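Please read the structure below before turning to the comments.
All values reported here derive from a predicted model rather than from experimental measurement. Read the numbers this way: they start at 1 and go in the same order the structure lists the ligands and their atoms.
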Amino acid sequence: MKQYDLALYGLGVMGSSLAKNFLSKGFSVALFSKSEEERKRFKAKGDYEIFDKEEELIASLKSPHIVFLMITAGKPVDLVSDSLVPFLDAGDVIIDGGNSFYQDTADRCTRLGKKGICFVGAGISGGEKGALTGPSMMVGGSREGWEKCGHMLREIAACKDDVCCCDYVGREGAGHYVKMVHNGIEYAIIQLIADTCHIMKDGMGMNCEEMKDVFEGWKESRLNSYLIDITVDVLGKKDEDGTPLVEKILDVAGQKGTGSWTLQEAIRQGVYIPTICEAVFIRYFSGNQILRQAASRKLTSSAGSIALSKETDLDLLRDALLLGVIESYAQGIELIHTASENFGWEINLPAAVSLWQEGCIIRSRLLRTISQALCKDTYQNLLLTEEFAYVKELESACRKVAGKALEAGLSVPALLSVMTYYDSCRTARSSVYMVQALRDCFGAHTYQRIDREGSFHTEWQEH
Ligand code: 6PG
(Lines give C-alpha, C1' and ligand atoms only; values in the text may rest on other atoms or scores of the structure.)
Protein backbone atom coordinates (compact mmCIF):
# COMPACT_ATOMS: atom_id res chain seq x y z
CA MET A 1 0.00 0.00 0.00
CA LYS A 2 1.17 3.50 -0.83
CA GLN A 3 2.66 5.38 2.14
CA TYR A 4 2.34 9.19 1.97
CA ASP A 5 4.78 11.67 3.51
CA LEU A 6 2.10 13.57 5.39
CA ALA A 7 -1.64 14.21 5.65
CA LEU A 8 -3.31 17.53 4.97
CA TYR A 9 -6.62 17.65 6.82
CA GLY A 10 -9.06 20.27 5.53
CA LEU A 11 -9.35 21.37 1.92
CA GLY A 12 -10.65 24.91 2.30
CA VAL A 13 -8.80 27.75 0.57
CA MET A 14 -5.74 27.65 2.85
CA GLY A 15 -5.65 23.84 3.13
CA SER A 16 -5.83 23.33 -0.65
CA SER A 17 -3.13 25.93 -1.26
CA LEU A 18 -0.78 24.39 1.30
CA ALA A 19 -1.44 20.93 -0.16
CA LYS A 20 -0.49 22.18 -3.62
CA ASN A 21 2.63 23.78 -2.17
CA PHE A 22 3.72 20.46 -0.58
CA LEU A 23 3.01 18.63 -3.85
CA SER A 24 5.00 21.15 -5.88
CA LYS A 25 7.98 20.51 -3.59
CA GLY A 26 7.82 16.78 -4.35
CA PHE A 27 6.12 15.52 -1.18
CA SER A 28 3.43 12.88 -1.46
CA VAL A 29 0.30 13.98 0.38
CA ALA A 30 -2.77 12.21 1.71
CA LEU A 31 -5.64 14.68 1.71
CA PHE A 32 -8.78 14.65 3.80
CA SER A 33 -12.04 16.51 3.70
CA LYS A 34 -15.49 15.70 5.01
CA SER A 35 -17.00 17.87 2.30
CA GLU A 36 -17.70 16.06 -0.96
CA GLU A 37 -17.65 19.37 -2.77
CA GLU A 38 -14.11 20.15 -1.49
CA ARG A 39 -12.91 16.67 -2.43
CA LYS A 40 -14.29 17.01 -5.95
CA ARG A 41 -12.95 20.53 -6.39
CA PHE A 42 -9.35 19.71 -5.50
CA LYS A 43 -7.20 19.24 -8.56
CA ALA A 44 -3.39 19.39 -8.62
CA LYS A 45 -0.31 17.89 -10.19
CA GLY A 46 1.64 15.46 -8.03
CA ASP A 47 1.38 12.42 -5.86
CA TYR A 48 -1.79 12.56 -3.78
CA GLU A 49 -4.97 10.76 -2.81
CA ILE A 50 -8.09 12.13 -1.19
CA PHE A 51 -9.72 10.35 1.75
CA ASP A 52 -13.01 10.76 3.58
CA LYS A 53 -12.35 8.27 6.40
CA GLU A 54 -9.89 9.19 9.11
CA GLU A 55 -8.78 5.63 9.78
CA GLU A 56 -7.87 5.16 6.11
CA LEU A 57 -6.13 8.54 6.01
CA ILE A 58 -3.83 7.65 8.89
CA ALA A 59 -3.23 4.12 7.61
CA SER A 60 -1.96 5.61 4.34
CA LEU A 61 0.87 7.52 6.05
CA LYS A 62 4.52 6.76 6.64
CA SER A 63 5.58 6.47 10.24
CA PRO A 64 5.72 8.68 12.27
CA HIS A 65 2.29 9.79 11.07
CA ILE A 66 2.23 13.53 10.45
CA VAL A 67 -1.16 15.23 10.15
CA PHE A 68 -1.39 18.89 9.23
CA LEU A 69 -4.74 20.41 10.25
CA MET A 70 -6.01 23.37 8.24
CA ILE A 71 -9.43 23.75 9.80
CA THR A 72 -11.38 26.45 11.62
CA ALA A 73 -9.68 27.50 14.87
CA GLY A 74 -11.42 26.76 18.17
CA LYS A 75 -13.51 23.71 19.08
CA PRO A 76 -13.04 21.95 15.68
CA VAL A 77 -9.32 21.54 16.45
CA ASP A 78 -10.16 19.60 19.63
CA LEU A 79 -12.88 17.54 17.96
CA VAL A 80 -10.69 16.56 15.01
CA SER A 81 -7.59 15.89 17.13
CA ASP A 82 -9.62 13.65 19.44
CA SER A 83 -11.16 11.78 16.53
CA LEU A 84 -7.67 11.08 15.11
CA VAL A 85 -6.06 9.89 18.34
CA PRO A 86 -7.45 6.31 18.22
CA PHE A 87 -5.66 5.76 14.90
CA LEU A 88 -2.36 7.42 15.88
CA ASP A 89 0.69 5.90 17.57
CA ALA A 90 2.86 7.35 20.32
CA GLY A 91 5.30 9.82 18.78
CA ASP A 92 2.96 10.81 15.92
CA VAL A 93 2.55 14.49 15.11
CA ILE A 94 -0.49 16.77 14.77
CA ILE A 95 0.21 20.25 13.39
CA ASP A 96 -2.43 22.94 13.84
CA GLY A 97 -1.93 25.61 11.16
CA GLY A 98 -4.95 27.76 12.04
CA ASN A 99 -5.14 31.09 13.85
CA SER A 100 -5.60 29.32 17.20
CA PHE A 101 -5.54 31.06 20.56
CA TYR A 102 -2.14 30.38 22.13
CA GLN A 103 -3.56 29.16 25.43
CA ASP A 104 -5.67 26.58 23.59
CA THR A 105 -2.49 25.42 21.88
CA ALA A 106 -0.70 25.13 25.23
CA ASP A 107 -3.63 23.08 26.63
CA ARG A 108 -3.62 20.82 23.57
CA CYS A 109 0.13 20.24 23.91
CA THR A 110 -0.44 19.03 27.47
CA ARG A 111 -3.64 17.06 26.87
CA LEU A 112 -2.51 15.32 23.69
CA GLY A 113 1.04 15.02 25.01
CA LYS A 114 -0.33 12.77 27.78
CA LYS A 115 -1.60 10.47 25.01
CA GLY A 116 1.84 10.40 23.40
CA ILE A 117 0.96 12.80 20.56
CA CYS A 118 3.39 15.57 19.65
CA PHE A 119 1.18 18.63 19.16
CA VAL A 120 2.69 21.44 17.10
CA GLY A 121 1.04 24.90 16.89
CA ALA A 122 2.05 26.70 13.71
CA GLY A 123 1.05 30.31 13.10
CA ILE A 124 0.85 30.74 9.32
CA SER A 125 0.75 34.03 7.49
CA GLY A 126 0.49 35.04 3.87
CA GLY A 127 -3.10 34.32 2.88
CA GLU A 128 -4.01 32.06 -0.04
CA LYS A 129 -1.13 33.18 -2.26
CA GLY A 130 1.42 32.79 0.53
CA ALA A 131 0.14 29.31 1.37
CA LEU A 132 0.55 28.32 -2.27
CA THR A 133 3.96 29.81 -2.99
CA GLY A 134 5.64 30.18 0.42
CA PRO A 135 4.10 31.30 3.69
CA SER A 136 5.80 32.55 6.82
CA MET A 137 5.44 30.00 9.62
CA MET A 138 5.91 30.66 13.32
CA VAL A 139 6.06 27.28 14.97
CA GLY A 140 5.64 26.34 18.62
CA GLY A 141 4.51 23.44 20.77
CA SER A 142 6.20 20.05 20.94
CA ARG A 143 9.88 20.30 20.04
CA GLU A 144 9.94 16.57 19.34
CA GLY A 145 7.08 17.12 16.90
CA TRP A 146 8.96 20.01 15.25
CA GLU A 147 12.05 17.82 14.84
CA LYS A 148 9.92 15.27 12.98
CA CYS A 149 8.06 17.65 10.65
CA GLY A 150 10.24 20.80 10.54
CA HIS A 151 12.18 19.81 7.40
CA MET A 152 8.91 19.55 5.44
CA LEU A 153 7.54 22.84 6.74
CA ARG A 154 10.79 24.65 5.95
CA GLU A 155 10.73 23.22 2.44
CA ILE A 156 7.40 24.92 1.61
CA ALA A 157 8.05 28.18 3.48
CA ALA A 158 9.04 31.57 2.10
CA CYS A 159 12.76 32.31 1.89
CA LYS A 160 14.55 35.64 1.77
CA ASP A 161 18.24 35.55 0.89
CA ASP A 162 19.75 33.34 3.57
CA VAL A 163 16.66 33.36 5.83
CA CYS A 164 14.04 30.62 5.79
CA CYS A 165 10.81 32.11 7.16
CA CYS A 166 9.80 29.04 9.11
CA ASP A 167 11.28 28.06 12.44
CA TYR A 168 10.55 26.79 15.91
CA VAL A 169 10.14 29.77 18.26
CA GLY A 170 9.29 28.11 21.57
CA ARG A 171 7.26 25.58 23.48
CA GLU A 172 3.53 25.55 24.27
CA GLY A 173 1.62 28.32 22.48
CA ALA A 174 4.72 30.38 21.55
CA GLY A 175 4.23 29.97 17.78
CA HIS A 176 0.60 31.02 17.85
CA TYR A 177 1.54 33.87 20.21
CA VAL A 178 4.06 35.28 17.74
CA LYS A 179 1.42 34.95 14.97
CA MET A 180 -1.17 36.69 17.14
CA VAL A 181 1.20 39.63 17.68
CA HIS A 182 2.02 39.62 13.96
CA ASN A 183 -1.68 40.22 13.39
CA GLY A 184 -1.77 42.98 16.02
CA ILE A 185 1.05 44.73 14.14
CA GLU A 186 -0.83 44.08 10.88
CA TYR A 187 -3.89 45.88 12.33
CA ALA A 188 -1.74 48.84 13.41
CA ILE A 189 0.06 49.31 10.08
CA ILE A 190 -3.18 48.96 8.12
CA GLN A 191 -4.82 51.64 10.29
CA LEU A 192 -1.80 53.94 9.93
CA ILE A 193 -2.08 53.63 6.15
CA ALA A 194 -5.82 54.33 6.40
CA ASP A 195 -5.16 57.43 8.56
CA THR A 196 -2.58 58.65 6.05
CA CYS A 197 -5.06 58.22 3.20
CA HIS A 198 -7.68 60.09 5.24
CA ILE A 199 -5.35 63.09 5.63
CA MET A 200 -4.50 62.99 1.93
CA LYS A 201 -8.11 62.79 0.80
CA ASP A 202 -10.19 64.70 3.36
CA GLY A 203 -7.39 67.01 4.48
CA MET A 204 -5.30 67.74 1.40
CA GLY A 205 -8.03 67.19 -1.19
CA MET A 206 -6.16 64.53 -3.14
CA ASN A 207 -7.91 62.06 -5.40
CA CYS A 208 -7.22 58.32 -5.53
CA GLU A 209 -5.01 58.59 -8.60
CA GLU A 210 -2.79 61.20 -6.90
CA MET A 211 -2.68 59.15 -3.69
CA LYS A 212 -1.76 56.02 -5.64
CA ASP A 213 1.14 57.85 -7.29
CA VAL A 214 2.44 59.03 -3.92
CA PHE A 215 2.35 55.51 -2.44
CA GLU A 216 3.99 54.23 -5.63
CA GLY A 217 6.87 56.62 -4.96
CA TRP A 218 7.09 55.48 -1.32
CA LYS A 219 7.61 51.87 -2.41
CA GLU A 220 11.28 52.67 -2.89
CA SER A 221 11.68 54.40 0.46
CA ARG A 222 12.25 52.85 3.89
CA LEU A 223 8.51 52.11 3.82
CA ASN A 224 9.06 49.39 1.20
CA SER A 225 6.66 46.61 2.21
CA TYR A 226 3.85 44.35 1.14
CA LEU A 227 1.18 46.54 2.76
CA ILE A 228 2.40 49.62 0.86
CA ASP A 229 2.43 47.57 -2.37
CA ILE A 230 -1.19 46.53 -1.95
CA THR A 231 -2.19 50.09 -0.99
CA VAL A 232 -1.12 51.11 -4.50
CA ASP A 233 -3.20 48.29 -6.01
CA VAL A 234 -6.25 49.14 -3.91
CA LEU A 235 -6.11 52.86 -4.68
CA GLY A 236 -5.76 52.12 -8.40
CA LYS A 237 -8.70 49.71 -8.61
CA LYS A 238 -11.68 51.01 -10.58
CA ASP A 239 -15.32 50.02 -10.24
CA GLU A 240 -17.37 48.99 -13.28
CA ASP A 241 -18.26 52.64 -13.88
CA GLY A 242 -14.60 53.63 -13.98
CA THR A 243 -14.56 55.42 -10.61
CA PRO A 244 -12.26 54.34 -7.74
CA LEU A 245 -13.72 51.29 -6.03
CA VAL A 246 -12.46 52.28 -2.54
CA GLU A 247 -14.79 55.26 -2.55
CA LYS A 248 -17.77 52.90 -2.63
CA ILE A 249 -16.68 50.75 0.31
CA LEU A 250 -18.64 50.99 3.56
CA ASP A 251 -16.50 52.33 6.42
CA VAL A 252 -17.13 49.37 8.73
CA ALA A 253 -14.35 46.84 9.37
CA GLY A 254 -14.68 43.41 10.90
CA GLN A 255 -12.12 41.20 12.56
CA LYS A 256 -11.68 37.56 13.31
CA GLY A 257 -10.25 37.91 16.80
CA THR A 258 -6.46 37.96 16.73
CA GLY A 259 -6.30 41.76 17.08
CA SER A 260 -8.50 41.69 20.17
CA TRP A 261 -6.47 38.84 21.65
CA THR A 262 -3.33 40.95 21.20
CA LEU A 263 -4.94 43.72 23.24
CA GLN A 264 -6.14 41.35 25.94
CA GLU A 265 -2.63 39.92 26.13
CA ALA A 266 -1.06 43.36 26.34
CA ILE A 267 -3.26 44.06 29.35
CA ARG A 268 -2.38 40.70 30.91
CA GLN A 269 1.35 41.29 30.38
CA GLY A 270 1.19 45.00 31.25
CA VAL A 271 2.70 46.14 27.95
CA TYR A 272 1.82 49.51 26.42
CA ILE A 273 0.74 49.09 22.77
CA PRO A 274 -1.31 52.22 22.00
CA THR A 275 -1.10 52.05 18.19
CA ILE A 276 -2.28 48.43 18.07
CA CYS A 277 -4.92 49.35 20.65
CA GLU A 278 -6.32 52.23 18.57
CA ALA A 279 -6.32 50.08 15.45
CA VAL A 280 -8.35 47.35 17.15
CA PHE A 281 -10.81 49.70 18.86
CA ILE A 282 -11.49 51.82 15.80
CA ARG A 283 -12.64 48.65 14.00
CA TYR A 284 -15.18 48.02 16.79
CA PHE A 285 -16.22 51.67 16.75
CA SER A 286 -16.56 51.66 12.96
CA GLY A 287 -19.59 49.39 13.46
CA ASN A 288 -21.39 52.04 15.52
CA GLN A 289 -22.71 53.89 12.49
CA ILE A 290 -25.85 55.13 14.21
CA LEU A 291 -23.82 57.04 16.79
CA ARG A 292 -21.39 58.35 14.18
CA GLN A 293 -24.17 59.58 11.92
CA ALA A 294 -25.93 61.32 14.81
CA ALA A 295 -22.72 62.81 16.20
CA SER A 296 -21.60 64.06 12.79
CA ARG A 297 -24.63 66.36 12.90
CA LYS A 298 -24.61 67.31 16.58
CA LEU A 299 -20.99 67.52 17.71
CA THR A 300 -19.90 70.78 16.19
CA SER A 301 -16.22 71.64 16.10
CA SER A 302 -13.93 74.63 15.83
CA ALA A 303 -11.69 72.71 13.43
CA GLY A 304 -10.47 74.46 10.34
CA SER A 305 -8.90 73.18 7.16
CA ILE A 306 -5.59 71.36 7.37
CA ALA A 307 -2.45 73.45 7.12
CA LEU A 308 -0.63 70.88 5.00
CA SER A 309 -0.39 70.97 1.25
CA LYS A 310 -0.03 68.22 -1.32
CA GLU A 311 2.58 70.32 -3.12
CA THR A 312 5.03 70.69 -0.24
CA ASP A 313 4.18 68.40 2.69
CA LEU A 314 3.95 64.84 1.40
CA ASP A 315 7.42 64.01 2.73
CA LEU A 316 6.17 64.91 6.21
CA LEU A 317 3.34 62.43 5.78
CA ARG A 318 5.77 59.73 4.62
CA ASP A 319 8.00 60.25 7.65
CA ALA A 320 5.03 60.27 10.03
CA LEU A 321 3.82 56.97 8.58
CA LEU A 322 7.33 55.53 8.81
CA LEU A 323 7.61 56.42 12.49
CA GLY A 324 4.20 54.79 13.03
CA VAL A 325 5.27 51.59 11.29
CA ILE A 326 8.50 51.39 13.32
CA GLU A 327 6.55 51.95 16.54
CA SER A 328 4.01 49.27 15.59
CA TYR A 329 6.85 46.75 15.30
CA ALA A 330 8.39 48.10 18.52
CA GLN A 331 5.13 47.65 20.46
CA GLY A 332 4.56 44.12 19.14
CA ILE A 333 8.15 43.06 19.81
CA GLU A 334 7.89 44.45 23.36
CA LEU A 335 4.83 42.25 23.92
CA ILE A 336 6.53 39.10 22.60
CA HIS A 337 9.60 39.82 24.71
CA THR A 338 7.59 40.29 27.90
CA ALA A 339 5.41 37.23 27.32
CA SER A 340 8.47 35.12 26.59
CA GLU A 341 10.07 36.23 29.88
CA ASN A 342 6.88 35.65 31.85
CA PHE A 343 6.11 32.24 30.32
CA GLY A 344 9.75 31.13 30.23
CA TRP A 345 9.55 30.45 26.48
CA GLU A 346 13.05 31.77 25.74
CA ILE A 347 11.98 33.14 22.35
CA ASN A 348 14.98 34.31 20.36
CA LEU A 349 13.64 37.75 19.38
CA PRO A 350 15.81 38.47 16.31
CA ALA A 351 15.19 34.96 14.99
CA ALA A 352 11.42 35.20 15.57
CA VAL A 353 11.22 38.60 13.90
CA SER A 354 13.25 37.38 10.92
CA LEU A 355 10.40 34.94 10.17
CA TRP A 356 8.39 38.02 9.11
CA GLN A 357 10.93 39.03 6.44
CA GLU A 358 9.11 37.21 3.66
CA GLY A 359 5.80 35.48 3.02
CA CYS A 360 3.72 37.24 5.66
CA ILE A 361 1.42 40.26 5.59
CA ILE A 362 3.77 42.54 7.57
CA ARG A 363 6.87 41.72 5.53
CA SER A 364 8.97 44.79 4.85
CA ARG A 365 12.46 46.02 4.15
CA LEU A 366 12.65 47.34 7.70
CA LEU A 367 12.52 43.86 9.20
CA ARG A 368 16.08 42.92 8.28
CA THR A 369 17.34 45.99 10.13
CA ILE A 370 15.01 45.24 13.03
CA SER A 371 16.42 41.73 13.31
CA GLN A 372 19.98 43.09 13.24
CA ALA A 373 19.13 45.72 15.86
CA LEU A 374 17.65 43.11 18.19
CA CYS A 375 20.73 40.92 17.80
CA LYS A 376 23.12 43.59 18.96
CA ASP A 377 21.51 45.38 21.82
CA THR A 378 20.67 44.23 25.23
CA TYR A 379 16.99 44.50 24.48
CA GLN A 380 15.21 47.57 25.84
CA ASN A 381 13.05 48.91 23.06
CA LEU A 382 13.52 49.06 19.31
CA LEU A 383 13.35 52.88 19.40
CA LEU A 384 16.48 52.94 21.55
CA THR A 385 18.66 50.89 19.23
CA GLU A 386 21.48 52.40 17.21
CA GLU A 387 19.85 51.21 13.95
CA PHE A 388 16.75 53.25 14.71
CA ALA A 389 18.45 56.34 16.07
CA TYR A 390 16.92 58.09 13.05
CA VAL A 391 13.44 57.99 14.64
CA LYS A 392 14.49 61.30 16.23
CA GLU A 393 14.54 62.79 12.73
CA LEU A 394 11.04 61.50 11.97
CA GLU A 395 9.58 62.87 15.17
CA SER A 396 9.17 66.48 14.07
CA ALA A 397 7.39 65.42 10.85
CA CYS A 398 5.01 63.19 12.76
CA ARG A 399 4.35 65.84 15.41
CA LYS A 400 3.56 68.37 12.71
CA VAL A 401 1.24 66.02 10.79
CA ALA A 402 -0.53 64.84 13.97
CA GLY A 403 -0.89 68.41 15.23
CA LYS A 404 -2.27 69.69 11.93
CA ALA A 405 -4.69 66.76 11.66
CA LEU A 406 -5.90 67.47 15.19
CA GLU A 407 -6.40 71.17 14.41
CA ALA A 408 -8.32 70.19 11.29
CA GLY A 409 -10.54 67.80 13.24
CA LEU A 410 -9.56 64.72 11.22
CA SER A 411 -10.02 61.40 12.96
CA VAL A 412 -6.62 59.69 12.73
CA PRO A 413 -6.46 57.56 15.88
CA ALA A 414 -3.46 55.41 15.02
CA LEU A 415 -1.38 58.37 13.88
CA LEU A 416 -2.10 60.34 17.05
CA SER A 417 -1.10 57.34 19.16
CA VAL A 418 2.31 57.38 17.47
CA MET A 419 3.12 60.70 19.12
CA THR A 420 1.53 59.57 22.39
CA TYR A 421 3.82 56.53 22.44
CA TYR A 422 6.88 58.56 21.50
CA ASP A 423 6.24 61.21 24.14
CA SER A 424 5.25 58.69 26.80
CA CYS A 425 8.52 56.84 26.19
CA ARG A 426 10.67 59.97 26.43
CA THR A 427 8.98 61.45 29.50
CA ALA A 428 11.34 60.61 32.33
CA ARG A 429 8.98 61.95 35.01
CA SER A 430 5.43 61.24 33.94
CA SER A 431 2.16 62.63 35.28
CA VAL A 432 1.52 59.42 37.15
CA TYR A 433 2.83 60.83 40.46
CA MET A 434 -0.51 62.65 40.63
CA VAL A 435 -2.37 59.38 40.12
CA GLN A 436 -0.51 57.91 43.10
CA ALA A 437 -1.26 60.95 45.27
CA LEU A 438 -4.98 60.84 44.44
CA ARG A 439 -5.22 57.08 45.00
CA ASP A 440 -3.60 57.47 48.36
CA CYS A 441 -5.87 60.39 49.22
CA PHE A 442 -9.16 58.63 48.57
CA GLY A 443 -8.23 55.02 49.21
CA ALA A 444 -5.03 54.92 51.30
CA HIS A 445 -3.40 52.93 48.50
CA THR A 446 0.05 54.24 49.55
CA TYR A 447 2.80 55.62 47.32
CA GLN A 448 6.57 55.51 46.98
CA ARG A 449 8.84 58.57 47.22
CA ILE A 450 11.74 59.59 45.02
CA ASP A 451 13.89 60.54 48.02
CA ARG A 452 13.25 57.67 50.48
CA GLU A 453 12.74 53.91 50.43
CA GLY A 454 9.44 52.35 51.48
CA SER A 455 5.67 52.77 51.16
CA PHE A 456 3.99 55.88 52.48
CA HIS A 457 0.51 56.98 53.36
CA THR A 458 -0.49 60.56 54.11
CA GLU A 459 -3.63 62.09 55.61
CA TRP A 460 -4.09 64.51 52.71
CA GLN A 461 -7.16 66.32 53.99
CA GLU A 462 -7.62 68.42 57.11
CA HIS A 463 -11.25 67.32 57.72
C1 6PG B 1 -2.15 36.52 7.66
C2 6PG B 1 -3.36 37.27 8.09
C3 6PG B 1 -4.52 36.37 8.23
C4 6PG B 1 -5.80 37.16 8.33
C5 6PG B 1 -6.22 37.38 9.75
C6 6PG B 1 -6.65 38.74 10.14
O7 6PG B 1 -1.18 36.67 8.38
O8 6PG B 1 -2.19 35.84 6.64
O9 6PG B 1 -3.13 37.92 9.31
O10 6PG B 1 -4.26 35.52 9.28
O11 6PG B 1 -5.73 38.30 7.61
O12 6PG B 1 -7.26 36.48 9.93
O13 6PG B 1 -7.93 38.97 9.73
P14 6PG B 1 -8.94 39.98 10.42
O15 6PG B 1 -8.57 41.34 9.96
O16 6PG B 1 -10.24 39.52 9.87
O17 6PG B 1 -8.89 39.80 11.91
May I ask you to list the atoms of ligand 1 that are less than 4.0 angstrom from any heavy atom of Lys256? 12 (O), 13 (O), 14 (P), 16 (O), 17 (O)
Check: Phe32 ring centre within less than 6.0 Å of Tyr9 ring centre: yes
For Glu186, the ligand 1 atoms whose distance to one of its heavy atoms is below 4.0 Å: 1 (C), 2 (C), 6 (C), 7 (O), 9 (O), 11 (O)
Could you tell me whether Arg108 and Asp82 have a side-chain N and a carboxylate O separated by less than 4.0 Å? no
Side-chain donor-acceptor contact under 3.5 Å, Ser136 with Glu358: no
Should Ser354 and Gln357 count as side-chain neighbours, where that means a heavy-atom distance under 4.5 Å? yes
Quick note on ligand 1: atoms under 4.0 Å from a heavy atom of Asn183 include exactly 5 (C), 6 (C), 7 (O), 9 (O), 10 (O)
The protein heavy atom nearest to atom 8 (O) of ligand 1 is Gly126 N, 2.9 Å
Write out the residue and atom name of the closest protein heavy atom to atom 17 (O) of ligand 1, then the distance separating them to 0.1 Å. Tyr187 OH, 2.5 Å
Under 4.0 Å from one or more heavy atoms of Gly127, ligand 1 contributes atoms 8 (O)
Test: Arg318 cationic atom under 6.0 Å from Phe215 six-membered ring centre, within 45° of axis: no
Close-contact set for ligand 1 against Arg283 heavy atoms, below 4.0 Å: 14 (P), 15 (O)
Which residue and non-hydrogen atom of the protein lie closest to atom 7 (O) of ligand 1, and at what distance in Å? Ser125 OG, 2.4 Å
Give a yes or no on whether a salt bridge exists between Lys40 and Glu37, defined as a side-chain N under 4.0 angstrom from a carboxylate O. no
Does a donor on one side chain sit under 3.5 Å from an acceptor on the other, for Tyr4 and Glu49? yes
Closest non-hydrogen protein atom to atom 12 (O) of ligand 1, residue and atom name please, with distance? Asn99 ND2, 3.5 Å
Per-atom contacts of ligand 1 with Ile361, taking only distances under 4.0 Å to non-hydrogen atoms: 1 (C), 2 (C), 7 (O), 8 (O)
Quick one: which ligand 1 atoms are inside 4.0 Å of a heavy atom on His182? 7 (O)
Check: Tyr102 ring centre within less than 6.0 Å of Phe343 ring centre: yes
Atom 3 (C) of ligand 1 - nearest protein heavy atom and its distance: Lys179 NZ, 4.0 Å
